[in-house]
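Right, one structure below, let's go through it.
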Amino acid sequence: MSNFISISSADLSLSGMVGLAVGIDYGLFIISRYRQEFKEGYDRQTTLRRAMMIAGKSVVFAGSTVIVALLAMSALGIQFLTVMGICGALSVLTAVLMALTFIPATLVLLGKHGTGEKRNRLFGKLSALNQDKGYGKLVTKYKGFLAIVAVAGLLVAAFPATKINLGLPDDGVQSTKLTARRAYDLMAEGYGKGNSATLVVLVKTSDASKAALAEKKTD
């Protein structure tokens, strides 16, 4: 893609994180459905076919919505957001294709490990613990209390937003070990804080002033 558009390192990092997130989600979705269908008594081939018919369609639909949402960033008309959306969309597309091809192939190769017949000892103990006490039962039993705790946690997490200062970052937010920060502090000490900020001036002019300014630019 770099032959056609400029891609920054931030775009690569974002696409990697997005692809990793949706890739894990789609992969676990198919594996969970595969094991669920196997417990119904189907053979492995039928189980895999049913899992891909049900979970596979959901993966395609979910991936398509995310791709459309990322490509919609181009509607803003901002170039770096457009490139960011394109890179993220390609990453999600790759994750969908991997979930529809690599995951089923891996499940076939895993055999009993893929179906859950041969369990890991540690995971087996955790699964038995979940079945005995039931995490879902705990949540439904104390739903009111847990809802209050969740809302309280969100409020605590959102409280710092009340003290947020909006604006573009400058060298003043960097580490004091960097020379750019030291230079910023010297400039602020000598000329006052805000000396490096962008100066925006709004001027109301008459038509004659506009004509004189246009004539000066032409000269």
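Because the structure is a prediction, the values reported are computed rather than measured.
No chain of hydrophobic side-chain contacts below 4.5 Å, direct or via other Ile, Leu, Val, Met, Phe, Trp or Tyr residues, connects Phe38 to Ile31. Put simply, Leu81 and Leu14 are part of the same group of oily side chains (I, L, V, M, F, W, Y) that touch within less than 4.5 Å, one to the next.
Listed by chain and residue number, Asp185 satisfy the salt bridge (charged side-chain N to carboxylate O under 4.0 Å, His left out) test with Arg181 (two or more places apart in sequence, or in another chain). Remark: Asp25 engages no residue in a salt bridge (charged side-chain N to carboxylate O under 4.0 Å, His left out) (not counting sequence neighbours).
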Side-chain polar contacts of residues 82-95 - donor-acceptor pairs under 3.5 angstrom, sequence neighbours left out - could you list them?
residue	atom	partner	partner atom	Å
Thr82	OG1	Ile78	O	3.0
Ser91	OG	Ser15	O	2.6
Ser91	OG	Gly19	N	3.3
Thr94	OG1	Leu90	O	2.9

List the atom pairs, with distances to 0.1 Å, where a side-chain N or O of residues 66-76 and a protein N or O form a donor-acceptor pair under 3.5 Å, not counting sequence neighbours.
residue	atom	partner	partner atom	Å
Ser74	OG	Leu71	O	2.6

Identify all side-chain donor-acceptor contacts of residues 55-64 below 3.5 Å with residues at least two apart in sequence or on another chain.
residue	atom	partner	partner atom	Å
Ser58	OG	Ile54	O	3.3
Ser64	OG	Val60	O	2.7

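Going from atom OH of Tyr42 over to atom OG1 of Thr47 covers 8.5 Å, rounded to the nearest 0.5 Å. Here the straight-line distance linking atom CG of Leu107 with atom CZ of Phe102 works out to 10.0 Å at 0.5 Å rounding. With rounding to the nearest 0.5 Å, the separation of CE in Met53 from CG in Leu48 is 12.0 Å. Annotation: the span from Arg44 atom CZ to Glu37 atom CD amounts to 15.5 Å, rounded to 0.5 Å.
Closest approach of Leu178 to Gln174, counting heavy atoms only: CD1-OE1, 3.1 Å. When all heavy atoms of Tyr184 and Asp171 are compared, the pair lying nearest together is CB-CB, 3.9 Å.
Arg49 places a side-chain heavy atom less than 4.5 Å from the side chain of Thr46. In this structure the side chain of Leu100 reaches within 4.5 angstrom of the side chain of Met52, judged on heavy atoms.
At least one donor-acceptor pair closer than 3.5 Å links the side chain of Thr162 to the backbone N or O of Phe159. Judged by distance alone, the side chain of Thr101 and the main-chain N or O of Leu97 form a donor-acceptor pair under 3.5 Å.
The hydrophobic cluster containing Tyr191 also includes Met187, under a criterion of side-chain heavy atoms closer than 4.5 Å among ILVMFWY residues, counted directly or through chains of members.
For the pairing with Thr106, the side chain to side chain contact (heavy atoms under 4.5 Å, CB included) check across Val108, Leu109, Leu110 returns one residue only, Leu110.
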